[in-house]
2 protein chains.
Amino acid sequence: MAPVSPRRRIPEATVARLPVYHRSLTELKESGVTTVSSEQLADLAGVNAAKVRKDLSYLGSYGTRGVGYEVEYLLFQIDRELGFANDLGVVIVGLGNLGQALANYDGFGDRGFPVTALVDADPAKVGSTLHGMQVQHIDDIESIFADGDLTIGIIATPAAAAQGVADRLVAAGVRSILNFAPTVVTVPDGVHLRKVDLALELQILGFYEQRDATEAVNAADSDS
Amino acid sequence: MAPVSPRRRIPEATVARLPVYHRSLTELKESGVTTVSSEQLADLAGVNAAKVRKDLSYLGSYGTRGVGYEVEYLLFQIDRELGFANDLGVVIVGLGNLGQALANYDGFGDRGFPVTALVDADPAKVGSTLHGMQVQHIDDIESIFADGDLTIGIIATPAAAAQGVADRLVAAGVRSILNFAPTVVTVPDGVHLRKVDLALELQILGFYEQRDATEAVNAADSDS
DNA sequence: AATCGATTGTGAACAAGAGAACTAGCTTGT
DNA sequence: ACAAGCTAGTTCTCTTGTTCACAATCGATT
């Protein structure tokens, strides 16, 4: 009944930054750097030094006062925390433009997330080979996860199909989903969902661009 | 000297949600719905009703108590706020897997962000046609923006090239950049930068997946 | 051994955001 | 005209996240 691992609860914001630190540290390691200060790491990661220290302190006290952090050791600890020991496969559902690009994108495999299956609903696509892998039909999705491996599902279908795919992924036992479809997808409690909405990012940028433009006009007006 | 438009400052979190409301409202409009309550809209957008009302109140009082919001009018107001009146072009730099997929992705144009130029550094790619558009060389980037149109730059290059591209975009007058390269890019004040890091999203999901898995194990241990 | 400069780890103030609860105002039915 | 029922708009509280400031601690140097 008592909480088993209440020792530390890492804030969501920190979790989102750990991979960034991880990347910076990997670069440092490859450059042969053995020690790094919170300030240096902050520069590389594009954040505030105090934030780096606080973030890292959630993992434990892995730094040395007066010196900094040992790159390799810190990297190891972040690896552990992020669960890089486990191999976590990725299934891509929907092989349109975006899905195909994601299937061919080496960035996933390079970072420990090998694409383990490609799925589509279009019979014309099923059976074809992409990035050295056969496309399977979505109706066979249950069998893909039969072995109980932990897997992340990527939804790259049109918006209309996204919720249905999500439901099937959840039914098949997937507990983490990354949604690229431009629509709201809901999942049951206990399933983690993140979204990447490309057009939405542009719209946000567009807002600020337009705001700045009109502000400039207003400023010019008040000058006159 | 006095602030010119202090009337309302829309919080960042709200700005990020406005496009979601916009999308939901567009769907409602296409279904012939003329009026919507904050609760309905909240359902569609996947958020809390109070948040919807608060968000919309930053734009002004466009609802009617006891009734709701008129879909078309609200849509118009959000359009205005997001700057959909202006046409904002998009330049994609880097035409590897991801860049090509983005170039072919209709989601941008559909939402008012036409791709206006494709740029790469590889001479082998320059001159080829993609999505009905000729690929230009990055050295000619200045000329692309010569007309002073507002444009968003998308960086889809390898990580190593990203900062250089960002610098050139900024030098050419681009004030909004969307970075897909898995690296930290810094820009001067006044330039808006957003990032989409695909592998990072997987790593975040991976963290929670692993945490849940170990928690389950721990719970089982304490049961025994 | 003692001091000094550097850097971590953390407590506390501060800021931003989320959500609940309340108020104000509209519409409809009688 | 009035009451009842909705629903927008607003206020308040709580949580989360950020930043600052400083004490604790380490290695180096004299």
Side-chain angles (χ1 to χ4, degrees), chain A residues 6-21 24-25 28 33-75 77-78 81 184 189 194 204 207-208, chain B residues 6-21 24-25 28 33-78 81 204 207-208:
Chain A
R7 209 174 63 224
R8 63 196 187 227
R9 173 155 210 93
I10 302 184
E12 217 175 302
T14 296
V15 172
R17 279 188 296 266
L18 285 180
V20 181
Y21 302 146
S24 303
L25 287 166
L28 286 173
V33 178
T34 59
T35 289
V36 67
S37 73
S38 60
E39 197 127 6
Q40 291 173 285
L41 187 51
D43 268 2
L44 290 171
V47 301
N48 179 297
K51 210 180 320 196
V52 169
R53 290 199 296 276
K54 180 153 277 194
D55 283 343
L56 295 182
S57 77
Y58 288 114
L59 308 186
S61 284
Y62 298 137
T64 308
R65 296 172 196 234
V67 179
Y69 300 89
E70 201 193 328
V71 171
E72 200 149 348
Y73 186 55
L74 186 55
L75 205 41
Q77 293 298 343
I78 296 180
E81 201 66 49
V184 173
D189 278 2
R194 293 185 66 86
I204 295 172
F207 168 83
Y208 288 112
Chain B
R7 208 174 63 223
R8 67 199 181 222
R9 173 154 212 94
I10 303 183
E12 217 175 303
T14 296
V15 172
R17 279 188 297 266
L18 286 180
V20 181
Y21 300 147
S24 302
L25 288 166
L28 285 172
V33 177
T34 58
T35 290
V36 66
S37 73
S38 60
E39 197 127 6
Q40 291 173 284
L41 188 51
D43 269 2
L44 291 170
V47 300
N48 177 295
K51 210 182 317 197
V52 169
R53 290 198 296 274
K54 198 188 282 190
D55 283 343
L56 295 181
S57 77
Y58 289 113
L59 309 185
S61 285
Y62 297 138
T64 308
R65 298 172 193 229
V67 179
Y69 300 90
E70 200 192 329
V71 172
E72 199 149 350
Y73 186 55
L74 186 54
L75 207 42
F76 169 75
Q77 293 297 343
I78 295 180
E81 201 66 49
I204 294 172
F207 168 82
Y208 289 111

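Throughout, a chain's letter reflects where its sequence line sits, starting with A, and its residues are numbered from 1.
- Residues meeting the side-chain contact (heavy atoms from CB on, under 4.5 Å) test with Ala50(A), sequence neighbours left out: Asn48(A), Arg53(A).
- Phosphate contact (OP1/OP2 of dT7(D), side-chain N/O of Ser37(B), threshold under 4.0 Å): absent.
- Applying the ring pair (Phe, Tyr, Trp, His ring centres under 6.0 Å) criterion to Tyr208(B), with sequence neighbours excluded, gives His192(A).
- One atom, CZ of Arg53(B), and another, P of dA24(C), lie 15 Å apart when rounded to the nearest Å.
- For Ser61(A), the listed nucleotide lying nearest its side chain is dG9(C); candidates were dG17(D), dG9(C), dG9(D).
- Separating the CD atom of Gln77(B) from the P atom of dG9(D) is a distance of 12 Å, rounded to the nearest angstrom.
- Among residues at least two apart or in separate chains, salt bridge (Lys or Arg N to Asp or Glu O under 4.0 Å) pairs with a member in residues 11-21 of chain B are Arg17(B)-Asp55(B).
- Residues from residues 39-49 of chain B that place a heavy atom under 4.0 Å from any atom of DNA chain D: there are none.
- Here the P atom of nucleotide dA8(D) and the OH atom of Tyr58(B) are 17 Å apart, to the nearest Å.
- The interatomic distance linking Glu12(A) (CD) with dT15(D) (P) rounds to 16 Å, in whole Å.
- Note on Tyr62(A): only backbone sugar-phosphate atoms sit closer than 4.0 angstrom, heavy atoms only; bases stay farther off.
- Of the residues in residues 68-76 of chain B, none has a non-hydrogen atom less than 4.0 angstrom from any atom of DNA chain C.
- Put simply, the side chain of Lys54(A) and the base of dG17(D) share no donor and acceptor less than 3.5 Å apart.
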Collect all protein-nucleotide pairs involving nucleotides 25-30 of chain D in which both atoms are nitrogen or oxygen and the distance is under 3.5 Å.
unit_1, atom_1, unit_2, atom_2, d
dC26(D), O4', Arg65(A), O, 3.4

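- Regarding Lys51(B), its NZ atom lies at a distance of 17 Å from the P atom of dA16(C), rounded to whole Å.
- Applying the side-chain contact (heavy atoms from CB on, under 4.5 Å) rule to Ser37(B) yields the partners Glu39(B), Gln40(B); only residues at least two apart in sequence or on another chain are considered.
- Checked against side chain to side chain donor-acceptor pair (under 3.5 Å), Glu81(A) has the following partners two or more places apart in sequence or in another chain: Arg8(A).
- Distance check: Thr34(A) OG1 to Glu72(A) CD gives 9.5 Å after rounding to the nearest 0.5 Å.
- With sequence neighbours excluded, the residues forming a side chain to side chain donor-acceptor pair (under 3.5 Å) with Arg194(A) are Glu201(B), listed by chain and number.
- Rounding to the nearest 0.5 angstrom, the gap separating the CG atom in Leu18(A) from the OH atom in Tyr58(A) is 11.0 Å.
- Partners of Leu44(A) under the side-chain contact (heavy atoms from CB on, under 4.5 Å) rule, at least two apart in sequence or in another chain, are Ser24(A), Leu28(A).
- In terms of the side chain to side chain donor-acceptor pair (under 3.5 Å) criterion, Tyr69(A) has no residue partners (sequence neighbours excluded).
- Nucleic acid contact for Ala13(A): sugar-phosphate only, since backbone atoms but no base atoms lie under 4.0 Å from a heavy atom of the residue.
- In this view, Tyr62(A) and Gln77(A) satisfy the side chain to side chain donor-acceptor pair (under 3.5 Å) rule, not counting sequence neighbours.
- Rounded to an integer number of Å, the gap from CG of Asp55(B) to P of dA16(C) is 16 Å.
- Annotation: the span from Phe207(A) atom CZ to Ile204(A) atom CD1 amounts to 10.0 Å, rounded to 0.5 Å.
- Residue Arg17(A) places at least one side-chain N or O under 4.0 Å from the OP1 or OP2 atom of dT18(D).
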